[in-house]
Amino acid sequence: MKKLLATGLIALSLGACASTSTTEYYEAMERAALAQAKVQEARYNALSRIAGEGNEAATAAVMALAMTNQTPIVPQAQQSAALKWASVLSGPVSSLGAMWLSNDSTKAMA
């Protein structure tokens, strides 16, 4: 039982150390979103300057800039590999533990 507890604690401590990659991912997503926001701001500033001229070429340029589709940067939820493995292994490990306890209790009764 002590070995099982020690193994569980080691697995949890290793899983806690794996969170640096997710923070790096979200920091990179933040930098990308800020860069995209600056691009959008520059685009709208250009639209306002061109629209202020008022001629036919300005209208066409405004329409061309307005029609471009900019998809927003949406971060995907990150999950650690240790947590994925723990969720995969938790079912079989718990059933093996239950079988072991059942076997011990059966031996004790006999």
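Side chains are part of it too, since the values below use all heavy atoms of this structure and drop only hydrogens, waters and symmetry mates.
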Item to check | Side-chain touch Glu30/Tyr26, heavy atoms, less than 4.5 angstrom | outcome: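 Side chain of Glu30 against side chain of Tyr26, heavy atoms only: no contact under 4.5 Å found.
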Checklist entry - To the nearest 0.5 Å, what is the distance between CG (Leu96) and CG (Leu101)? => result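 Those atoms lie 11.0 Å apart.
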Checklist entry - About how many Å separate CE of Met29 and CD of Glu24, when rounded to the nearest 0.5 Å? => result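 Taking CD in Glu24 and CE in Met29, the distance rounds to 14.5 Å.
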Checklist entry - What residues, two or more places apart in sequence or in another chain, satisfy side chain to side chain contact (heavy atoms under 4.5 Å, CB included) together with Asn103? => result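 With sequence neighbours excluded, Asn103 shows a side chain to side chain contact (heavy atoms under 4.5 Å, CB included) to Lys107, given in chain and number order.
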Checklist entry - With sequence neighbours excluded, what pairs up with Tyr44 under the side chain to side chain contact (heavy atoms under 4.5 Å, CB included) test? => result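 For Tyr44, the residues satisfying side chain to side chain contact (heavy atoms under 4.5 Å, CB included) (neighbours in sequence not counted) are Gln40, Leu47.
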Item to check | Side chain Ser94, main chain Ser90, donor-acceptor under 3.5 Å | outcome: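 Checking the backbone N and O of Ser90 against the side chain of Ser94, a donor-acceptor pair under 3.5 Å is found.
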